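First the structure, in the form of structure tokens, and then the observations on it.
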There are 2 protein chains.
Amino acid sequence: MATLSDVARRAGVSPATASRVINGSSKPVTDDLRERVLAAVAELQYVPNAHAQLLARSHRSAVGVIVHDVSDPYFAEITRGLQRVATDQGRLLMICNSYRDPDRELEYVELLRGHQVAALILAGSGYHDEAFTRQLNEKLAAYEATGGRVAVIGRHEHSGDAVMPDNRTGGYLAGRELCGLGHRAIGVVAGPRILTTTTDRLAGLRQALTEQGRELPESRIRYAEFDRDGGAEATARLLDVDPELTAIVALNDSMAIGALATLRARGLAVPQQISVLGFDDMPIARDVTPALTTVRLPLVDMGVRAMSLVLGVGAPTPRVEVLPAELVRRDTAGPVPRSTRATAGSAPRARRGDSTS
Amino acid sequence: MATLSDVARRAGVSPATASRVINGSSKPVTDDLRERVLAAVAELQYVPNAHAQLLARSHRSAVGVIVHDVSDPYFAEITRGLQRVATDQGRLLMICNSYRDPDRELEYVELLRGHQVAALILAGSGYHDEAFTRQLNEKLAAYEATGGRVAVIGRHEHSGDAVMPDNRTGGYLAGRELCGLGHRAIGVVAGPRILTTTTDRLAGLRQALTEQGRELPESRIRYAEFDRDGGAEATARLLDVDPELTAIVALNDSMAIGALATLRARGLAVPQQISVLGFDDMPIARDVTPALTTVRLPLVDMGVRAMSLVLGVGAPTPRVEVLPAELVRRDTAGPVPRSTRATAGSAPRARRGDSTS
DNA sequence: TACCGCAGAGAAAGCCCTTTCCCGCAGGGA
DNA sequence: TCCCTGCGGGAAAGGGCTTTCTCTGCGGTA
């Protein structure tokens, strides 16, 4: 690789001058020299060594992001928001997938710190795990002590800046909707119980049911991976035990899609025989059939806010922004069937024909 | 931030020794010193400066990846394959989204080169753009000249290692399937015409139709963005002009999903009144309703192959691996309706009821 | 004419590590 | 007892760039 001194030598100038030309320094350089440098750069196909640059200007510019998985639509949307603000400010993003592994999360904090990022953003659920939480907090505190800025999205265990979707109210909205439609036998397809997101959403849901004089026994909750297959599997387990369920709440949209797949395979018509509610309103939710009724979270906006917090002027006290959840009525939630499952085969618009998968 | 010499001073050793302890050097260090260093590291919360490390060991380890958009399922799958191999070999990936902007692609090549990546992988369609292609090739050649390795996925304009999905045959399979089902009035919802992926798939499709004595006039092709909304919009334009279409081929699954949305909104039953074919077989394809009939590409495997090529021993000549496309029959493609659209309303299993969106 | 000031260029001091090279010392063989 | 070997440790040389500081030479003013 050609180096700066190669360029300087070729142009017959000092490395200092070459550097100034290449970086558009404020220090003036005569046109003659400037052109010679530029010519040398082109001829040698010179590209500055980023590590050397980053080392020399002890300039923190990039921002580190830790998510569970960018290819999960939930995080893809959040990341879109993060990107938007970062790009506007000419910042590079370093994005790391923890795949919901706490240890990996810890490692990435160090990695990003080592890369001298100006700020760190952690997105995704927190864990019900004292030891881990303390460890993470220590690491974040150490980072902040050296001038780094930290924001978290959707996890309350850290004391810095935070953007919180209102998971609890979201769960509450889902519960109220279902009660309003007359459902009593409601099953829940939940994410891992160690995630705060799971328990928050569940808590809101439970509150709504309790207020309406209904119950949510543990026996009607199934915990599984927070993805499509987890949802499909949990739904199957739920139905095996409780065939008379008239509604299923999935704690995120991916699981809801899995739930729909299972229901379709079993020939249960949605929403005529059984209703389904999702959570998040990721883009695909409107394109499944029937279109998914779900609780919408302003995902892109969450990213925008978090990045703005972290790149904005440091406030004296850590700020917490709570973003509201909102129910989006589409086609998977309907009134509780009048009759029991026994007669459901004759329900109007039953769509056994779809269950070819 | 604490530096290595801070640690060394605190432990009462030289920076050299501290470095050896921290990096687990092969050079032996007595236990006494080792412990003192480790203690100092813990107390100071020391994290090595990655840039300094990378500069000092002129060690190329990371691999650069340029894709159109990781959050697009097509690239998410490919990236999954890339990651798998990279992780196995302890390599870090630097992933950049070009968002189908050629200039940004060029910039990222330089950026990654500057970051001293060991290899570069470009995934996604190439462009029908002579000037750009030449520029890109120059940059890649310059990079290769300094010992970098390059592989491309799904773009043939570069002469290095390549992994090519067989887009043309995929298009051919789609065309043959539709002909077999008796369709003659076939519309195409295509991606941007500047992309080689678009034209390759189109060419295969056209060949199949021609072989069967059918035609594919330009008037039955609509070019739009390669995403859901592009597909929805193109489908609408197509139907406005040609209401008697009995089949639509979308040139990727995202567009197919958009097409399904438009058809549903217009109350056209799939596949009873109109058939739809997708392309790629991304994971969501089986979860839309009706489940999408599509041309499967081994996306994860494409990533695996490309990374293996680039990290494997350098072959004397650039290698090209062509991966086969395969038709996956699900529920969106059916036989051409016997009657014209006028009587289609009485087709069995018509599902007007779904069009509530 | 003598001096001051400033523009434009270069020398050199870091930035923080890794790694080679070298040194001192202890132990073993002659 | 002397020399050689080898081990554990430190000194120092980069790695490629930025940036401060210094120097030269020119134009302008008194």
Side-chain angles (χ1 to χ4, degrees), chain A residues 1-38 40-41 44-62 110-118 146-147, chain B residues 1-38 40-41 44-62 110-118 146-147:
Chain A
M1 286 275 291
T3 73
L4 185 65
S5 26
D6 294 336
V7 172
R9 200 172 316 122
R10 177 147 195 150
V13 301
S14 72
T17 301
S19 170
R20 290 197 265 260
V21 170
I22 291 170
N23 297 300
S25 151
S26 61
K27 189 134 187 178
V29 176
T30 49
D31 289 346
D32 174 35
L33 295 194
R34 156 165 288 107
E35 273 172 35
R36 269 155 52 194
V37 170
L38 260 19
V41 166
L44 296 175
Q45 294 257 35
Y46 170 71
V47 177
N49 182 317
H51 301 307
Q53 281 189 317
L54 260 13
L55 181 57
R57 40 172 174 245
S58 34
H59 195 194
R60 295 167 158 204
S61 157
E110 302 243 304
L111 182 93
L112 291 170
R113 223 185 120 193
H115 276 268
Q116 314 296 105
V117 293
T146 65
Chain B
M1 286 276 289
T3 72
L4 184 65
S5 27
D6 294 334
V7 172
R9 201 172 315 124
R10 177 150 196 147
V13 302
S14 73
T17 302
S19 170
R20 289 197 265 260
V21 170
I22 292 171
N23 297 302
S25 150
S26 60
K27 188 136 190 179
V29 175
T30 49
D31 288 347
D32 173 36
L33 294 195
R34 157 166 287 107
E35 273 172 36
R36 269 154 54 196
V37 169
L38 259 20
V41 166
L44 296 175
Q45 296 256 33
Y46 170 72
V47 176
N49 182 318
H51 301 307
Q53 282 188 316
L54 261 11
L55 181 58
R57 38 173 175 243
S58 34
H59 196 195
R60 295 169 157 201
S61 157
E110 302 242 305
L111 181 92
L112 291 170
R113 224 185 117 191
H115 277 267
Q116 313 297 108
V117 293
T146 66

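Note on naming: letters A, B, ... go to the chains in the order of the sequence lines (proteins, then strands), and numbering restarts at 1 for each one. Just so you know, these numbers use all the heavy atoms, side chains as well, and skip hydrogens, waters and symmetry mates. Please read all numbers here as calculations on a predicted model, not as lab measurements.
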Nearest-0.5 Å distance that lies between atom CZ in R36(A) and atom CG in D31(A):
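Between R36(A) CZ and D31(A) CG, I get 12.0 Å after rounding to 0.5 Å.
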
Which distance, rounded to the nearest 0.5 Å, do you find between the CD of Q45(A) and the OG1 of T146(B)?
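Output value for this atom pair is 10.0 Å.
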
Kindly say if [X] contacts the phosphate of [N], meaning a side-chain N or O under 4.0 Å from OP1 or OP2.
X: S25(A); N: dT18(D); value: no
X: Y46(B); N: dC16(C); value: no
X: Q53(B); N: dC16(C); value: no

Would you work out how much the helix from dT1(C)-dA30(D) to dA30(C)-dT1(D) bends between its ends, with each end axis defined by five base pairs, to 10 degrees?
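Answer for the end axes of this duplex: 60°.
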
For every nucleotide of nucleotides 19-25 of chain C, 5' to 3': is a protein heavy atom under 4.0 Å from its base (B), only from its sugar-phosphate (S), or from neither (-)?
BBB----

Between atom [atom1] in [X] and atom [atom2] in [N], what is the gap in whole Å?
X: R9(A); N: dA11(C); atom1: CZ; atom2: P; result: 13 Å
X: D31(A); N: dA9(C); atom1: CG; atom2: C1'; result: 15 Å
X: L55(B); N: dA13(D); atom1: CG; atom2: C1'; result: 13 Å
X: N49(B); N: dG15(D); atom1: CG; atom2: P; result: 18 Å
X: Q116(B); N: dG15(D); atom1: CD; atom2: P; result: 13 Å

List, one per line, each side-chain donor-acceptor pair under 3.5 Å for residues 16-23 of chain B, sequence neighbours excluded.
| from | atom 1 | to | atom 2 | distance (Å) |
| --- | --- | --- | --- | --- |
| T17(B) | OG1 | S14(B) | OG | 3.2 |
| S19(B) | OG | N23(B) | ND2 | 3.2 |
| N23(B) | ND2 | S19(B) | O | 2.9 |

Restricting to nitrogen or oxygen on both sides, can you table the protein-nucleotides 4-7 of chain D pairs closer than 3.5 Å?
none

Look at all strands and tell whether L54(A) reaches a base, only sugar-phosphate, or nothing, counting heavy atoms closer than 4.0 Å.
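Touches nothing.
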
With a 4.0 Å heavy-atom cut-off, tell me which residues in residues 1-8 of chain A come close to DNA chain D, sorted by residue number.
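T3(A), L4(A) - these, ordered by number, are the residues of the stretch whose heavy atoms sit under 4.0 Å from the strand.
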
Which comes earlier along DNA chain D counting from the 5' end, the contact point of S14(B) or that of H51(B), where each point is its nearest nucleotide?
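Its nearest nucleotide lies further toward 5', so the answer is S14(B).
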
Mind listing the side-chain donor-acceptor pairs of residues 46-54 of chain B below 3.5 Å, one per line with the distance, residues two or more places apart or on another chain?
| from | atom 1 | to | atom 2 | distance (Å) |
| --- | --- | --- | --- | --- |
| N49(B) | OD1 | H51(B) | N | 2.8 |
| N49(B) | OD1 | A52(B) | N | 3.1 |
| H51(B) | NE2 | H115(A) | O | 3.1 |

What's the shortest heavy-atom distance between [X] and [Y], and which atoms?
X: A118(A); Y: R60(A); answer: CB-O, 3.7 Å
X: V37(B); Y: V13(B); answer: CG2-CG2, 3.9 Å
X: P15(B); Y: L4(B); answer: O-CD2, 3.7 Å

